[in-house]
Asks: 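The structure that follows is given in the form of structure tokens.
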Amino acid sequence: MISRALIAASTKPLLLSILQDGESYGYQIIKKMRTLSGGHLDWSFGMLYPVLHRLEKDGLIASEWKLSEKGRLRKYYRLTEAGILELEREKVQWLTVHDVFARLWKKPEAVT
Amino acid sequence: MKEKRRSTRGSRKDDIRPLEGLALSIKPFDLDRAVAEWTRGLRRSEALEDGAIAELVAHVRDEVEDLIQQGRSPEEAFGEVTGLLEGLETIGAEYYKTKARGFLSPSSLRPAGFSIALFLNSIKVSFRKMRRQKWYSLITVTGLAAGMACSILILLWVRDELSYDRFHANAGKIYRVIMEDHRAEGISFHPWLPFPLGPALKNEFPEIAAVSRWAPEDMVVRYGDEAHTENRFLTVDLAFFEMFSFRFVEGSPALALADPKSIVIRDTMTQKYFGEEDPVGKVLNLSGRADLVVSGVVHIPENSDFQFDFFFSFQAYPLFGVDLAAYEADWKSNNYQFYLLLEEGSSAEGLERKISSFLKPRNPDRERILRLQPLSRTHLYNPDGTDGAMRYVHIFSLIAASVLLIACVNFMNLATARFEGRAREVGLRKTLGGSRGQLIRQFFTESLLHSALGLAASLVFVASALPFFNQLLGRRLTFDLAHAGLVGRIAAIALFAGLASGLYPALLLSSFPPARVIRSGAHPGGRSVRLRQVLVVFQFAVSTLLIIGTLVVNSQIAFIKGRDIGMAKNDIVYLQMQKKSRDSVDVLRQELLKHPGIASVSSSSQLPFDIVSWLGYLDWEGRPADRQVYFAFISVDHDFARTCGLSFLLGRDFSRDIPADAGSFIINETAYRQMGIEDLIGRELDFQGLKGPIIGVVRDFTNRHMTDAVAPLVMTTSTRNAARSYLLLRLKPGDPSAALTYFREVWGKINPGFPCEYRFLDESFNSLYVNEGRLSRIFFAFAALAVFISGLGLVGLSLYMAEEKTKEIGVRRVLGASPWKIISFFSLNFAKLVLVANLIAWPVAYAIMHKWLGDYAYRTSIHPWLFLAAAALGMGIAFLSVGYQTFRAATANPVDSLRYE
């Protein structure tokens, strides 16, 4: 189970990353995350939408109401220019952390 | 998705959802309907923006669809999804969790940017809310409508007051000349000046482009068979119509008075004399003395102080047998006003300095300084520069603003009172990402919407109430919404009301930390309860102030009407006479006294209660060196004291049997006291060269408006200084009709061609106090409005309180409290506030009304019972407003109210 703190910290880069493949809507995002994480990251809508709204307000993503193929209204989110830049910054940070962990955990025996 | 109703068999016992809206149902499951119900539930809570709700619904649809594809029945799928979502509380808490960890920055005041959609959404939400809270909205809107109607009416009146004589093209360059007269008893400012002064100033000072003197007159106007006594004559100089821009319906301003024999009449007078005939060129006979030819028809707007019907030039004086040259040489009498027109670019201050001591060489003993008063100030300010009508402009503007604020308070109070209910909504909204700015906007939208509805109602009200208001004020105000300036001001009133109402609730409700509400359900009540009390106190303080104002004005009027004015005014009729009829007074008297219904007949130069002629300082035998008395005078005949019911303090009345009385004087009590000699009777008085003994002292009678003290008065039978133009008839008590018919017959026989237009003395006396009457009615109207709106506010608050305290009342009832005890408990809470309001209002009201009464030389005292009456009235309103709701709650079955909670 992933800790709340980590969920909180990772939500934004994860969302931005999901949207880099193209626009998407709330339920689809949740489902995609569920699939990608093998069920470990099960976002609730109650967490997702406020974050989406906040990101939109910060200008990282933009939204648009569109008709689905079945004729229902859905709100689609996509990355903005600022969002793409933000994602790049996030990537650098996460990769840095990831690299450190990777190095640390690769050779624990060698240290001892 | 056009998912059509898929029904499932039967019903499931776990159909009872935590969310309201999904009711028990035994009907086949209808997904669309279920979703719609669920959505309505979300809407009802007001916690979520419409956009957020739409997104949630889309989400639910997506997930349900997905589950159905995985093999669940629609009912199961829907249950599962919405079950997960739990209630709104959960939704809010879920949303809140994300933010509370500081992952996102706290919401800021930064406005979310304007969008039409957002704006329309705000309006939609506000309307929905108003519909749901019908009673509160009705109270608020009604109050705002009344408050705004009051403000708009006052606005119309103030605009009218401020527009007086501003329409003249030269308005900015016209000045009235004022005399600052230094006398032994003080300085007086007045516009009455010597006849030759105007032209003399114009000759001396090149800054003066034109001058027009003017003096009011009254005449009998005759044209064919029509003859009427007209009081609104104005004699002017030739420049008058060129200085002032009155519109000529016929004729031209430049030429109208060029011929001394010409007369200009007002457009409203043409019908009366000429019917459909063209008035120009027609000859009017004035008082049987001169014939003048109508040379023009002029329109005088309502908002001018020159409310006159006939205008002719001083050049016509010789036609009336007046020696104009003698007038031009008379520097002693101050009987004329005049206006001067400045040359372009000249400074009024500079001219004022130059002319100030112009009168000095002509009368070195007395300090008389000339001053200039701009035309734009003559209507609103007294000659000495103090507030005249302007005082009422200020007072009424202040009252209008207060009444409007009282109405705004209703919105503030009801909005903050329902705070508890909304705190949760606000908390939720904030977690849903609504910024503070958005929230503030929502509250302002609500208050502005209320004020807009109030405005609409108030416009209807103003349009229909204007005739009554005009009657109240004696004005002809118009409500012309085609006027951009007026529309702008009215919009400003509505905007002010909306913003003032919304400001406090918006800031208070939105400043409030969401965590506290959501977690504990605590209410932020403390602050708002206190403020609510302060606001109620404010409302009732203003209402009390107005109530006391009304009571004091009324008691002063009653005092004036009931005061012994030292003379008879009932059963006396009077008639204004012209020269020819004046000469017939002796014959008239003999004839009239033959009728048993006529007690006495007399004539005088002025009406006894409205003496405006001043003689100045007189000398008398044995005058102490330090005594100076500035005398008013009246010319009377021998029967005056008897006819007017004057009584004597000392000495005796004039007698026809004593020929020497033609040169003797009677003075009044005030003069007697000011003259400072006890044994005055028999002493000689020097009446500007006419010397004779003082034979009597009459007890004081009210000889001026009661704002002024009784003037020291000398009465003479000489007509040297003034003609006796008033015929006074004292009738015997009882039905006067026979005597009056007889009067008309005799008059017609002796003065054929002169109309017998008599009036009753008491009516004319009362008309002197018509302004006081208006003031009292206006005060009453405002006070009633203020009390009404404040009462409405209390009704709203008690409505809320009864809702809120249902449980408390129930518990008290169960524990044995009687309904009456409960009613008094809750009413007392409000009564306390009304009491505090009274304690605040009393000293203020006393100070203001004391100052107002200070204008009157004769005034009522401010009785304590007025204050108690105001307090009792306030309490009464409070008990009525609060009592009913509490009564309902207190007499309801306590079991029900407890269950309700």
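Just so it is clear, the values below take in all heavy atoms, side chains as well, and ignore hydrogens, waters and symmetry mates. Naming: A, B, ... by sequence-line order, numbering from 1 per chain. It should be emphasised that the depicted structure is a prediction, and the values quoted were computed from it without experimental measurement.
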Asks: Quick one: does B/His59's side chain get under 4.5 Å of A/Leu48's, heavy atoms only?
Replies: no
Asks: Do A/Arg72 and B/Glu65 touch side chain to side chain, with heavy atoms closer than 4.5 Å?
Replies: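 A side-chain contact under 4.5 Å exists here.
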Asks: CD of A/Glu81: more than 12 outside heavy atoms within 6.0 angstrom?
Replies: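 No - once you tally the heavy atoms of other residues, nucleotides and ligands closer than 6.0 Å, there are 12 at most.
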Asks: Under 4.5 Å, heavy atom to heavy atom: which of residues 20-31 of chain A reach chain B? Give them by number, or say none.
Replies: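 Listed by number, the contacting residues are A/Tyr25, A/Gly26, A/Tyr27, A/Ile30, A/Lys31.
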